[in-house]
Amino acid sequence: MTQQPILEVRGVTKSFGSIHALRGVDFRLLPGEIHALAGENGAGKSTLMNIIDGILQPTGGEILWQGRPVRIASPTAAQALGIGFVHQEIALCPDVSVAENIFMAATNISRSPLMDYRALERRAAEILSQICAIDPRRLAGDLPIAEQQLVEIAKALTLDCKVLILDEPTAALSQREAEALFRIMRRLADRGIAIIYISHRMAEIFDNCDRVTVFRDGQYITTMNIPEITPDDVVKAMVGRVIDDLYPPKASPGSIGRDTVLEVRNLTDRRRFHDVSFRLRKGEILGIGGLIGAGRSEIVRGICRLEGAVEGEVSLNGHPLALRDYSDSIRAGLVYLSEDRKGDGVFLDMAIAANVSALDIDRVANAAGIISDADERAQAEALGRKLNLKYGCLSDPVASLSGGNQQKVAIAKMLAVGPKVIFLDEPTRGVDVGAKAEIHRILRDLAGKGTGIVVISSEMPELIGLCDRVIVVCEGRISGEVEGPEMTEENIMQLASAALPRGQVA
Amino acid sequence: MESSMNVAATGSPRSGGLGRLLRMRETGLIAIILVLIIAMSFASPYFLTWVNIRAMVMAFAVEGIVVVGMTILLISGGIDLSVGSVTALAMVIAGLLFLAGVNPWLASGIAIAACTGIGAIMGVFVTKVGLHHFIVSLAVMVIARGLCLLGTGGRPIGLYTLPDSFKFIGQGSIGPIPVVILIFVVVVVIFDFLLRRSTAFRRVFYTGSNEKAAAYSGIRTKKVIFLTTTLCATLSGVAGVIYMARFGSAQPTFGMGMELNVIAAAVIGGASLKGGSGTILGAILGTILLSVVSSSLALLDVSVYWQDIIRGSILLTAVTVDHYLNKKRGRG
């Protein structure tokens, strides 16, 4: 390759105390390419991006910008060079308009003492029109997560950047929104902008990127041209071993019983979902597909009474349930794993053991309500072993764990109460390939042992690979159901996006 | 074994028992207090006498009961600015009832119940109406002080006929130990234990650490916050009654600025205004530290005005050090 890289990293190391986050990594980014960065959580991707963005300073090695060595002292310096970074975490000001959020940086350096809101809104509308239809006058905090993510991307587009870093931008996006984003990425690349794209989703990398660089354990492994390789090559480079099957085997036809574990009839919440009915059979994993905002999470949260009263009937093993709130639901054996792990799934600053016992603390306490430290540890240890949780010490805060292991803690928390049905909302979002396969195996195992498993996922391959049957939600109603060979991306997409006339699908 | 919740007890995965102990907030505070005491015992021969120690402990013991309530409320994510005036109100209510011929024990019970009621009202405004603790308790602070002044005409009420049996809780001793200190120690030991080990208070930690995650764990977080708000006011009432027994009077202007002292002590002891962390032991050590500093400065003849400046600086230092330790932890 003779083209001069816009950005080149040579032998960069970074250590935090005794921990080596990066051990002499190399990375070359060419103008106009979409370059995927792959690696498990903790492989060093984020550290390197933070160094390129000036948030962290390298311990050793050098960074070349258009062939010249540079020191990127701060994110402002990175912006000045032409580096834009869309972080995975959304950092919008919820109380101001979308337009003001998009031009926050521009407003900050503007000399004008007054705000010209009309111009701001017009320019914001122009930029947003490239991506999606969001009213620039709305408050950022009122938007659903997916649209907030798009606003973050719009924000980066306002900067006249030559390098754009996108850290898992599709984690919160639906397929359709993600595809729109990929089209935008390609347009930007065609204009000569180099894009660094971080994602755990292999399909996205293969459909949209030109090259991929793989890191493992803080080391540079390889850079490959996407057209010349298969996803297996990338996975192999990432984990340093072959993952035989990304998904565990499905339940054999005989192992799914005739018994219905959970039956939902005519569940309705006036604003968000209507007339939802479905059954979960013993031994199966039921998927819930649909676009973000279709009402998937709302339905499941409605079943568990997490958001007030709903109409309709829920019965467990044939017995109708009368639930008033979520603590009733937990007692009955219906538990919900939230999609926003850091926001409301775990207690980040609390100990692992204390997290695991959160759903029913009485289990590890005596009749007088005094917690037994030993019992609490034993419970966490047993579940930790079952889920292959990697941790230093049970009294460490959950924040000290990797994303995959945090998610395992959240799952352990559910399992601690011996649930009859577990609803998992995006159970593997932001989780690396290895941990993801492990979580899938755990779910299959639980289903095989009789626990009802319902999985909401925006990731098509996950729905198809993991579930035995998928129901699809569209605009607050169940628009259809697919099973066996009918479970294809096309069928699910069609049900999810085209609102079918009511009654057409069984 | 220390509680797994202890904020400062969370170090690198390699930390063993000793390293963990060394990193604990409490250990650091004890060390600072010991250094101060040793230094002061050289500076002033009076410092380590029984009379001075007793006076120091008496000075913070009753306020320490309020610190307990405040720490629990802070852990749940709340705050209460009204503790000083609610304490005074308890004195005034009990004092006025006593003057009206009510048995002093019954009068105290009514006063404490009234404070509990005030806490419950604050709890309703916070959990049902959805207002912030800061604003609600700021309003109640002013209202309760107004009630004190209204009830007494702004003058202290002398309660010269309080029976000795009642004054005993504020002025008596069992052996060499004043009853006030015994009550304080009992309250601290009970609540420290409960906070570390009881399921009820574990729910307080869950709620303060992440209210939404707690709700998603089936915890009735509004109820938890309502109860911690109420408990803090109840303990303020208890403190007010003990003060009345100790002073033999009810003082409508008592406890002005107490809330700041109490919050400072809890925060120096490791409680966070964001909720989710704090221990009773730490908060009491924070109280002791502030008290030892005050006493030392007084013995060294430092102006009262300087004392405030120094206390404020200690608070700022403690919080800054904690902030940096947290940041360092977050990076590992």
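Note on naming: letters A, B, ... go to the chains in the order of the sequence lines (proteins, then strands), and numbering restarts at 1 for each one. Bear in mind the structure is a predicted one, so any value in this text is a computation, not a measurement.
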Residue part contacting chain A, namely of A215(B), when any heavy atom lies under 4.5 Å: backbone
Salt-bridge contact R202(B)-E376(A) (side-chain N to carboxylate O under 4.0 Å): yes
Ion pair check, D362(A) and R203(B), cut-off under 4.0 Å: yes
Selection from S338(A), A358(A), S329(A) maximising heavy-atom pairs under 4.5 Å formed with chain B: A358(A)
Part of I370(A) lying under 4.5 Å from any heavy atom of chain B: both
Chain B contact via R305(A) - side chain, backbone, both or neither, heavy atoms under 4.5 Å: neither
Side chain, backbone, both or neither of I330(A) within contact of chain B (heavy atoms, under 4.5 Å): side chain
Chain A neighbours within residues 216-227 of chain B, where any heavy atom lies under 4.5 Å away: Y216(B), S217(B), G218(B), I219(B), R220(B)
Atom pair CZ/CD of F347(A) and E211(B) - distance to nearest 0.5 Å: 10.5 Å
Chain A neighbours within residues 117-133 of chain B, where any heavy atom lies under 4.5 Å away: none
Region of V364(A) that comes under 4.5 Å of a non-hydrogen atom in chain B: neither
Side chain, backbone, both or neither of S357(A) within contact of chain B (heavy atoms, under 4.5 Å): both
F193(B) atom CZ, neighbour heavy-atom count above 12 within 6.0 Å: yes
Nearest-0.5 Å distance, CG of residue N355(A) to OG of residue S209(B): 7.5 Å
Euclidean distance, L359(A) CG relative to Y206(B) OH, rounded to 0.5 Å: 9.0 Å
Sidechain-backbone polar pair: R197(B) side chain, I371(A) backbone, donor-acceptor under 3.5 Å: yes
